[in-house]
2 protein chains.
Amino acid sequence: MQPGRRSRAVPGASPRRTVSLPSSDEASDAATHRLSLYLRALARSEADGRRVTSSDDMARATGVKPALVRKDLAHFGQFGIRGVGYEVRGLRTRIAAILGLDRDHNVVIVGAGNLGTALADYRGFNTGGFRTIALIDNDPKKIGGRSRGGVPVRSVRDLAGLVQKSGVDLAVLAVPAESAQRALDQVAAAGVRAVLNFVQGRLKTRPGVHVRSVDLKIHLEGLTYRLARAWRRAGSRAVR
Amino acid sequence: MQPGRRSRAVPGASPRRTVSLPSSDEASDAATHRLSLYLRALARSEADGRRVTSSDDMARATGVKPALVRKDLAHFGQFGIRGVGYEVRGLRTRIAAILGLDRDHNVVIVGAGNLGTALADYRGFNTGGFRTIALIDNDPKKIGGRSRGGVPVRSVRDLAGLVQKSGVDLAVLAVPAESAQRALDQVAAAGVRAVLNFVQGRLKTRPGVHVRSVDLKIHLEGLTYRLARAWRRAGSRAVR
DNA sequence: TAGATTGTTAATCGATTAACAATC
DNA sequence: TAGATTGTTAATCGATTAACAATC
């Protein structure tokens, strides 16, 4: 119903339904999160030498219900064999491809402060096909240096060149709050299409640039909410 | 009209509903997340000198729809005045209390590696009532030292004493994957009831101990999924 | 009073779960 | 064949949105 959505038939175009289901198979963040969990379970199974697994196995390994495992997998194709299960190696390869993990990804981290530098040297950011190739900062005292793990600190003026030359897919924002929007605009202008943002606050982005925000303080507040709730309940029980 | 709804007057029983709604008001993680967003919007409003705000204002500031703002707030009480709006200062205080932010919270971080040390010195973990009072590690070379920001590194043997003496509410896990379960068990045994976990993998916990996990790599994978999807769509368009 | 804005109810939407026919 | 396990359909659940009466 969006005005402007092209529904006009292009002469010569074959009668496909590409327009009617333009983004139908878009998986939710919750679903892709589960795919990552399945992938890890499959990696463990493979390491254990197992050839075949089942939705029940994977459910046990991930905490997801078996029916949902099957539903998630069926969403992307028919990967299993009825009565038998799923072939571990093959399924692992397919899921990795779906998640874009069939190739390596270079990462730049904008902001060579505490958090940025730690992330540059962090295992979780530099294994499984991910590699931090540079920290970006505009402090002349930092530029030209390296993190303890050896990641070079470069000027923001090198950003676009780096993205072109080294093929950077992902940027991480770990700058002060007041610089976040500018940093995002710069990495987007340099051609980066996916950004993991650790800075608090709303960011405006443009279509085609995927931003995912992790607000560490909000996670702490989610926990203090549970604590406060437990205390209130305990307190009112005691008073009653 | 519901069958089974107790309408029968029990002789002598006072007419309370305490039993019928024992944990009814448990808010989802999504809802508490929005509460944190509202709190920040209110802090900005207050800093701007505004006395009164509305669900429309807060919606604009947070990206949440106005109807949902009202629903969230109404869930915790009647905070607004019809036809007028919400009193900024008062609402801010109430939400802070709901989130347990009407008191300070001491934090210990288990694991004085890259990530743990960075978090100890990270602003987001040491403002707004949160304070990291110690890093815990079992490397003798680290124990007795301090982070760059001055947070002392202590032995795990000091953990229980620290929790008792200083009143630690929150623990952060930033240890290697193979130590995570043990670290969780130790902080729980020491009396900590809320844990923010940065380690990949499932953890077993016991009732009353709240664990929230942040898996940084899964966030990267969520982004590469979007990238892969965009490439596939672009590719199939080009091929077509 | 007229206009504004809440609190609440009903409608909608999307995600999860349960059940089971298909099929190895 | 009998038993196992998938892929899919229908039922359930929970969260969001829309609409509006209450009320300042």
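Computed from a prediction, not measured in an experiment: that's the story for all the values here. Letters A, B, ... are given to chains in the order of the sequence lines, protein chains preceding strands, and every chain is numbered from 1.
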Strictly under 3.5 Å: I want the nitrogen or oxygen pairs between protein and nucleotides 20-22 of chain D, one per line.
from, atom 1, to, atom 2, distance (Å)
D:dA22, O4', B:R82, NH1, 3.4
D:dA22, N3, B:R82, NH1, 3.1

Roughly how many Å is it from [atom1] in [X] to [atom2] in [N], rounded to a whole number?
X	N	atom1	atom2	answer
B:L73	C:dG7	CG	P	7 Å
A:L68	D:dG14	CG	P	15 Å
A:H75	C:dG14	NE2	C1'	12 Å
A:Q78	D:dT8	CD	C1'	10 Å
B:I81	C:dG3	CD1	C1'	16 Å
B:K71	D:dA19	NZ	C1'	13 Å
B:F79	D:dT23	CZ	P	19 Å
B:L91	C:dT5	CG	P	16 Å

Could you grab the distance from atom [atom1] of [X] to atom [atom2] of [Y], nearest 0.5 Å is fine?
X	Y	atom1	atom2	answer
A:S55	A:L73	OG	CG	8.5 Å
A:L42	A:M58	CG	CE	4.0 Å
B:R40	A:E221	CZ	CD	5.5 Å

More than 12 heavy atoms of other groups within 6.0 Å of A:R193 CZ: yes

CZ/B:R202: more than 12 non-hydrogen atoms of other groups inside 6.0 Å: yes

First encountered from the 5' end of DNA chain C, between A:V64 and B:G85: B:G85

Residue mapping more 5' on DNA chain C - nearest nucleotide basis, A:V84 or A:A67: A:A67

Side-chain N,O (B:Y86) to OP1/OP2 (C:dG7) below 4.0 Å: yes

side-chain N/O A:K65 vs C:dT16 OP1/OP2, d < 4.0 Å: no

Partner residues of B:E46 under the salt bridge (Lys or Arg N to Asp or Glu O under 4.0 Å) criterion, sequence neighbours left out: B:R89, B:R92

side-chain hydrogen bond (donor to acceptor under 3.5 Å, both in side chains) involving A:D185 - partner list, sequence neighbours excluded: A:Q181

Under 3.5 Å side-chain donor-acceptor pair for A:T127 and B:K217: yes

Backbone of B:L99 reached by a side-chain donor or acceptor of A:T224 within 3.5 Å: yes

N/O donor-acceptor pair under 3.5 Å between A:N126 side chain and A:T132 backbone: yes

Any pair counted as side chain to side chain donor-acceptor pair (under 3.5 Å), so long as it reaches residues 98-109 of chain B, sequence neighbours left out: B:R103-B:H105, B:R103-B:D169, B:H105-B:D169

Strand-adjacent residues in residues 53-63 of chain B, judged by heavy atoms under 4.0 Å from DNA chain C: B:S54, B:S55

Secondary-structure notation, DNA chain D, from Watson-Crick and G-U pairs under 3.5 angstrom (| other strand): ..||||||||||||||||||||||

Salt-bridge criterion met for B:D72 and B:K65 (N-O under 4.0 Å): no

